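Okay, so here's the structure we're looking at.
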Amino acid sequence: MDKTKQNDIYTKAKEWIIEAGQYIRSRMYKELKVTTKSDPNDLVTDLDRDTERLLTQRIRQTYPNHFIISEEGYGDKLTDLKGTVWIIDPIDGTMNFIHQKRNFAISIGIYHDHVGEIGFIYDVVGDVLYSAKRGLGAFKNERPLKRLDSNVPLSQAMIAMNHFWLCENHLVCEKTMQKFVRSIRGTRTYGSAALEFAYVAEGILDGYLAINLSPWDVAAGIVIVNEVGGLTTTIDGDALSLLTKSPILTCNPSLQLEIIQYIKKGRKVT
Ligand code: 2AM
Ligand code: CA
Ligand code: CA
Ligand code: CA
């Protein structure tokens, strides 16, 4: 994508994500209609859907040739990432949104012919906007983020990971993961994959391990983390597909091999 086009789309996406954030703040303290999806803890509200509708309307009016992949059903069914594709999560961290009214974000990743060009993660209540343009760096409220320190030993790493890693699971032997959490400095669980990616980019987390994420959970984060020198792959170190769900590792490059080797020891055959 040429730089003028990238800049034009970045400006529009920024305007719309701020607008969507204002929209959420204006409605979030009123009564929400909460329903469940795949299981009793997989929640969605009318505001998740209405925010996605607002964003998709703006995109389709201005860029009728662009495509959309999104969580709540207003997107397109795509089989590849050819052309310009907006990958959207209107509220990432819906459970936090419902229970805490904080620790959730809007996530927008924009890809062109399979390449991540632009990423936005907006912490709506904190009013903090993380963003990135491919080749031009990553920003927190338009201030450049530093390149990640490439010298973090695993023993001093803070890693975000869900507690389900320590319960019986289909991916990695629980004993291996219990040993893993004892061998690092600390773990954190924020409940918003997008914010966890943003914190890795900011360098306040050294990595994030997730059991099963969808394209809209990670699309923006991948671009932002990439711009500060971080790496995102599956937990086996393979390239990600942005068309399916996967277990994901995003981290400081100095830790990637070691974490993947650790996981390999306890990896269950699927
Ligand atoms: P969501 O809030 O947009 O659904 C919670 O640990 C993180 O995992 C959030 O980023 C959440 O995104 C994501 N997630 C993905 N699939 C989920 C599911 N089935 N139930 C709850 N959270 C899910
Ligand atoms: Ca959801
Ligand atoms: Ca999500
Ligand atoms: Ca969501």
Side-chain angles (χ1 to χ4, degrees), residues 17 20-21 23-24 28 32-56 68-75 85-111 116 119-126 128 130 159-167 169-171 177 181 187-201 205 207-225 232 234-235 240-250:
I17 202 167
Y23 177 65
I24 291 172
M28 64 185 277
L32 297 169
K33 287 191 197 82
V34 181
T35 48
T36 60
K37 302 210 287 188
S38 65
D39 66 63
N41 297 321
D42 183 5
L43 308 174
V44 64
T45 74
D46 50 340
L47 198 41
D48 292 71
R49 296 201 188 90
D50 292 349
T51 304
E52 183 171 306
R53 190 168 54 217
L54 183 153
L55 287 166
T56 54
I68 300 170
I69 295 175
S70 55
E71 184 174 11
E72 308 302 350
Y74 294 95
V85 184
W86 297 58
I87 306 180
I88 298 178
D89 194 336
I91 297 183
D92 180 67
T94 296
M95 194 185 287
N96 290 346
F97 172 64
I98 294 164
H99 284 260
Q100 306 184 317
K101 306 280 187 231
R102 71 187 74 159
N103 298 323
F104 65 91
I106 306 171
S107 175
I108 301 179
I110 303 168
Y111 285 64
F120 282 103
I121 294 172
Y122 186 34
D123 172 346
V124 170
V125 171
V128 177
Y130 295 89
I159 307 284
M161 54 193 288
N162 191 296
H163 307 102
F164 289 116
W165 283 108
L166 305 177
C167 307
N169 69 80
H170 65 287
L171 289 173
M177 296 316 286
V181 300
T187 58
R188 295 291 182 271
T189 303
Y190 293 94
S192 158
L195 287 178
E196 285 163 304
F197 267 80
Y199 298 160
V200 171
L205 287 175
Y208 170 46
L209 260 175
I211 290 179
N212 200 16
L213 294 180
S214 297
W216 41 81
D217 299 318
V218 300
I222 290 170
V223 182
I224 298 172
V225 165
T232 308
T234 68
I235 57 165
L240 283 185
S241 156
L242 280 172
L243 297 165
T244 52
K245 285 185 159 200
S246 349
I248 282 174
L249 169 66
T250 187

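First listed ligand is number 1; within each ligand, the first listed atom is number 1. Keep in mind the model is a prediction, meaning the values are calculated, not measured.
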What is the distance from atom [atom1] of [X] to atom [atom2] of [Y], rounded to the nearest 0.5 Å?
X	Y	atom1	atom2	value
Asn212	Asp217	CG	CG	9.0 Å
Leu166	Thr187	CG	OG1	7.5 Å
Ile108	Tyr122	CD1	OH	12.0 Å
Leu205	Leu195	CG	CG	10.5 Å
Asp42	Thr35	CG	OG1	9.5 Å
Ser246	Ile235	OG	CD1	10.0 Å

Counting each atom of ligand 1 from 1 as listed, which ones have a heavy atom of [X] under 4.0 Å away?
X	value
Ala193	9 (C), 10 (O)
Asp217	12 (O), 15 (C)
Glu71	3 (O), 4 (O)

Legend entry - Atom of Glu71, atom of Ile91 and distance for their closest heavy-atom approach: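 That would be OE1-O, 4.5 Å.
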Legend entry - Distance-minimising heavy-atom pair for Leu209 and Ile159: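 Of all heavy-atom pairs spanning Leu209 and Ile159, the closest is N-CG2, 4.4 Å.
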Heavy atom of protein inside 4.0 Å of [atom], strictly below:
atom	answer
atom 4 (O) of ligand 1	yes
atom 10 (O) of ligand 1	yes
atom 23 (C) of ligand 1	no
atom 17 (C) of ligand 1	no

Legend entry - Test salt bridge (Lys or Arg N to Asp or Glu O under 4.0 Å) applied to Asp46 and Arg49, step by step: CA-CA 5 Å; Asp46 50 340; Arg49 296 201 188 90; over 6 Å; no
Which residue holds the protein heavy atom closest to [atom], what is that atom called, and what is the gap in Å?
atom	result
atom 1 (P) of ligand 1	Gly93 N, 3.7 Å
atom 12 (O) of ligand 1	Asp92 OD1, 3.2 Å
atom 7 (C) of ligand 1	Gly191 O, 3.9 Å

Legend entry - Option nearest atom 21 (C) of ligand 1 (shortest heavy-atom distance, choices Asn212, Asn41, Asp39):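 Ranked by closest heavy atom to atom 21 (C) of ligand 1, first place is Asn41.
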Legend entry - Winner among Asn162, Ile98, Val44, Asn96 once heavy atoms are compared against atom 6 (O) of ligand 1: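 The nearest heavy atom belongs to Asn162.
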Quick one: report the N, O or S atom of [X] that is nearest to the Ca ion (ligand 3).
X	value
Asp89	OD2
Asp92	OD1
Asp217	OD1

Inset, instruction - Begin from the C-alpha positions of Phe197 and Ile224 and carry the test side chain to side chain contact (heavy atoms under 4.5 Å, CB included) through to its verdict. - result: CA-CA 8 Å; Phe197 267 80; Ile224 298 172; over 6 Å; no
Check [X] against ligand 1 and report side chain, backbone, both or neither, counting heavy atoms closer than 4.0 Å.
X	answer
Ser192	backbone
Asp89	side chain
Ile91	backbone

If you measure every N/O of [X] against every N/O of ligand 1, is any gap under 3.5 Å?
X	value
Thr94	yes
Leu213	no
Ala194	no

Inset, instruction - Could you check Leu47 against Phe97 for side chain to side chain contact (heavy atoms under 4.5 Å, CB included), going step by step and ending with a plain yes or no? - result: CA-CA 10 Å; Leu47 198 41; Phe97 172 64; 3.7 Å; yes
Legend entry - Derivation of the side chain to side chain contact (heavy atoms under 4.5 Å, CB included) call for Ile24 and Ile106: CA-CA 10 Å; Ile24 291 172; Ile106 306 171; 3.9 Å; yes
Inset, instruction - Verify side chain to side chain contact (heavy atoms under 4.5 Å, CB included) between Asp50 and Tyr23, making sure each step is shown before the conclusion. - result: CA-CA 9 Å; Asp50 292 349; Tyr23 177 65; 3.4 Å; yes
Legend entry - Any donor-acceptor N or O pair under 3.5 Å, side chains Ser192, Asp92: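 Yes.
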Inset, instruction - Taking both backbone and side-chain atoms into account, decide whether Glu71 has an N/O/S atom under 3.0 Å from the Ca ion (ligand 3). - result: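 Here the distance criterion (N, O or S atom, under 3.0 Å) is not met by Glu71, so no.
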Inset, instruction - Give a yes or no on whether Asp48 keeps an N, O or S atom under 3.0 Å from the Ca ion (ligand 2). - result: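 Within the cut-off used here (under 3.0 Å), Asp48 places no N, O or S atom near the Ca ion (ligand 2).
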